[in-house]
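Worksheet: one structure, shown below.
Proteins get letters first, then strands, A, B, ... in listed order; numbering begins at 1 in each.
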Amino acid sequence: MLKRRDILAVVLIVLPWTLLITVWHQSTIAPLLAIRKGQMSLIEGRVAITNHQKMLEKREAVPGPDLREYCSSDKDIVEVVRTEYVYTRPPPWSETLPTIHVVTPTYSRPVQKAELTRLANTFLHVPNLHWVLVEDSARPTALVARLLHETGLNYTHLNVETPRNYKLRGDTRDPRIPRGTMQRNLALRWFRETLGQNATQLGVVYFADDDNTYSLELFEEMRSTQKVSVWPVAFVGGLRYESPKVNGAGKVYGWKTVFDPHRPFAIDMAGFAINLHLILAKPQAYFKLRGVKGGYQESSLLRELVTLNDLEPRAANCTKILVWHTRTEKPVLVNEGKKGFTDPNVEI
Amino acid sequence: MRSCSWRCDCTEHDLAKDRTISRLREKLHSLLEQTKKAEPTKPLKPPLPTIYVITPTYARLVQKAELTRLSHTFLLVPQLHWIVVEDSPHRTGLVSEFLSHSGLAFTHLHVATPHERKLQEGDPSWLKPRGAEQRNEGLRWLRENIRSQEGGVIYFADDDNTYSLQLFEEMRWTQRVSVWPVGLVGGMRYERPIVEQGHVVRFHTGWRPSRPFPLDMAGFAVSLRLVLANPEARFDGDAPMGFLESSFLQSLVTMEELEPKADLCTKVLVWHTRTEKPKMKREEAMQKQGLGSDPAVEV
């Protein structure tokens with residue numbers, strides 16, 4: 001027979017731990033909650049927003065979705081004050097989450113700083129992200145070094161120059177080497193030389209070009225990659241999107257593309273991620289440098305690492321778009337004239 | 001704790017339990033104190049002025065991508081309220097869904113540009129001023145819903161530009177109208193106001209510098225108070241090319257009153273990037289054969 005003292009003892013044991021867990025939960029798990037549907041309530045600061053939004057919605061005649069449904073359970077948490085949490089980025093490093101190593105080749109041109117700025121603003125939301133930025137240059141540039149330092153992100157700054165084709169006028173690269181190849185290969189070499197020994201740093205490698213657009217959900221989809229995971233990419237191959245074909249058993253059996261669907265891996269660079277273990281286990285696997293037909297770059301690496309059967313489909317069995325192959329227009333600097341109109345010391 | 005059968009004489013155990021209970025009571029008390037300290041009920045600093053960002057947007061292939069990466073920047077800015085105004089006769093599901101999951105404080109508005117003011121297929125982008133009706137709609141909402149005591153600043157941010165985080169802190173304390181350089185605009189690496197002795201004296205621009213305010217939409221912010229004090233100030237959709245910004249600003253401020261930011265207008269903190277229209281030749285060919293991509297999959 002349970003005495004009242006027993007019950008009281010149990011309650012007094014359980015309650016402090018519940019309190020502790022609640023406080024801990026809010027501070028470390030909150031970044032992951034940011035991307036889950038309907039989970040706005042547990043993030044300090046976002047709650048104030050949710051209620052403000054509720055208030056605003058009341059004044060408009062909204063024919064769309066009833067956003068009040070989202071907020072009905074938040075009444076109890078109304079008092080939470082906006083803390084500085086939301087602005088301490090990047091999120092604190094977790095010892096348990098696999099690291100996402102993002103490899104971005106980049107090169108100097110007028111839009112470079114803008115591209116890297118908005119890319120960094122996306123990465124600042126992703127926990128345990130390690131940005132490996134590889135410049136196509138003979139030396140690391142001050143622009144990129146400064147930018148990386150100011151973001152506060154965890155990064156590695158590398159550089160390797162694609163050989164120029166001096167036969168062509170101007171500063172044209174050798175057109176036979178696909179853009180970004182040497183830079184991505186340098187990153188692969190860096191992983192093999194630097195991370196081979198340190199087991200805790202292992203995770204997933206993703207090749208992210210500096211002009212694409214990435215949703216935050218994408219990074220969480222790729223984090224659990226065992227070998228190679230794949231998903232659709234918008235705006236490639238002259239289509240709204242290209243996608244792997246997934247059968248009822250959840251296996252990839254082909255490619256939904258118009259451009260050469262019979263390539264071993266008819267997928268864009270932005271459409272897959274590789275577990276770092278696999279890269280370390282196959283130290284000879286690199287992107288092929290020369291003699292690669294257009295669209296076969298990705299296959300040149302992936303066929304050394306996996307078969308079709310090994311691929312892990314993500315993004316709801318490859319039915320959702322979480323990454324867009326956007327391209328930025330080259331700005332027309334017609335008013336600069338031959339001598340340049342603006343001060344070259346002002347960095348853009 | 002040793003189990004105690006109800007038949008035994010448990011006097012000794014009772015004492016141990018009592019001690020445990022009082023120890024746990026103390027622990028509970030100290031934990032409650034700790035959580036109270038972690039959540040102060042009074043803010044220690046005065047609240048930051050809100051930045052109201054007005055973004056006109058319209059449906060096209062890259063819309064969701066643009067809004068997505070824009071939202072990632074805005075999520076990093078304290079006290080930001082995003083006013084998204086669709087060029088549409090009604091709110092679309094894509095934008096509604098997107099905003100509700102964005103994590104941002106937002107207001108979702110819409111107004112359709114009259115047909116004669118819309119760019120037609122094949123028109124160059126500079127032919128007609130765009131977004132005037134949508135920005136005016138954003139201003140209307142602010143005038144009807146926000147009180148001027150709340151302070152705040154209004155910024156017109158198009159959905160394809162690129163914004164650094166520092167830019168928002170530069171504009172936050174605007175008294176009237178603040179200005180700064182904009183990169184990659186006007187056919188130049190950047191355009192900027194020229195500042196002498198702390199005041200704007202002229203503008204460095206490659207195109208029609210004689211305009212009242214030869215600057216880009218992304219190159220200025222206006223205090224909420226000023227807009228509320230001037231209820232007639234709006235963008236003129238019929239203004240000639242390049243005069244849209246002037247049509248709004250000339251009723252609000254003179255050049256001498258402009259507040260120069262970004263290190264007296266020497267740093268570029270915003271870029272007028274433009275996104276290419278994705279090539280859809282294969283998609284169009286497939287659709288003619290009835291084999292187009294699944295329209296239910298939203299891009």
How about [X] and [Y]: do any of their side-chain heavy atoms sit closer than 4.5 Å?
| X | Y | answer |
| --- | --- | --- |
| A:Lys320 | B:Val297 | no |
| B:Leu75 | A:His125 | yes |
| A:Val346 | B:Pro181 | no |
| B:Ser164 | A:Thr117 | yes |

In terms of ring plane angle, is the pair B:His204 and A:Phe341 parallel, tilted or perpendicular, where the classes change at 30° and 60°?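 If you compare the ring of B:His204 with that of A:Phe341, the planes turn out parallel.
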Of the listed residues (B:Leu70, B:Leu269, B:Val268), which shares the most heavy-atom pairs with chain A below a 4.5 Å separation?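 Top option by heavy-atom pairs under 4.5 Å: B:Val268.
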Most heavy-atom pairs under 4.5 angstrom with chain A, which of B:Arg69, B:Lys279, B:Lys267?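 The option with the most such pairs is B:Arg69.
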Looking at every non-hydrogen atom in both residues, tell me the closest pair between [X] and [Y] and how far apart they are.
| X | Y | result |
| --- | --- | --- |
| B:Asp294 | A:Lys256 | N-NZ, 4.4 Å |
| B:Val299 | A:Trp324 | C-NE1, 3.5 Å |
| A:Ala114 | B:Thr162 | O-CG2, 3.3 Å |
| B:Glu66 | A:Arg118 | OE1-NH1, 4.5 Å |
| A:Glu329 | B:Thr275 | OE2-O, 3.9 Å |

Report which part of [X] has an atom under 4.5 Å of a heavy atom belonging to chain A: side chain, backbone, both, or neither.
| X | answer |
| --- | --- |
| B:Thr92 | neither |
| B:Thr68 | side chain |
| B:Phe74 | neither |

Just verifying a value: how many Å separate [X] [atom1] and [Y] [atom2], rounded to the nearest 0.5 Å?
| X | Y | atom1 | atom2 | answer |
| --- | --- | --- | --- | --- |
| A:Arg327 | B:Arg274 | CZ | CZ | 15.0 Å |
| A:Ser215 | B:His101 | OG | NE2 | 12.5 Å |
| A:Leu239 | B:Lys281 | CG | NZ | 13.5 Å |
| B:Ser71 | A:Asn121 | OG | CG | 10.5 Å |

Quick one: which of [options] has the most heavy-atom pairs under 4.5 Å with chain B, could you say?
| options | result |
| --- | --- |
| A:Asn212, A:Asp211, A:Ile321 | A:Ile321 |
| A:Phe123, A:Tyr214, A:Phe235 | A:Phe235 |
| A:Ser243, A:Gly237, A:Pro232 | A:Gly237 |
| A:Asp343, A:Val111, A:Leu8, A:Val334 | A:Asp343 |

Counting distance only, does the side-chain N/O of [X] pair as donor-acceptor with the main-chain N or O of [Y] below 3.5 Å?
| X | Y | result |
| --- | --- | --- |
| A:Asn335 | B:Gly186 | yes |
| A:Glu336 | B:Arg189 | yes |
| B:Glu283 | A:Arg240 | yes |

Under a 4.5 Å heavy-atom cut-off, does chain B meet the side chain of A:Val332, its backbone, both or neither?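 Just the backbone, heavy atoms under 4.5 Å.
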Would you mind checking which part of A:Thr342 comes under 4.5 Å of any heavy atom in chain B, side chain (CB onward), backbone (N, CA, C, O), both or neither?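 Both backbone and side chain.
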How about B:Arg140: does its CZ atom have over 12 heavy atoms from other parts shown lying under 6.0 Å from it?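 Enclosed.
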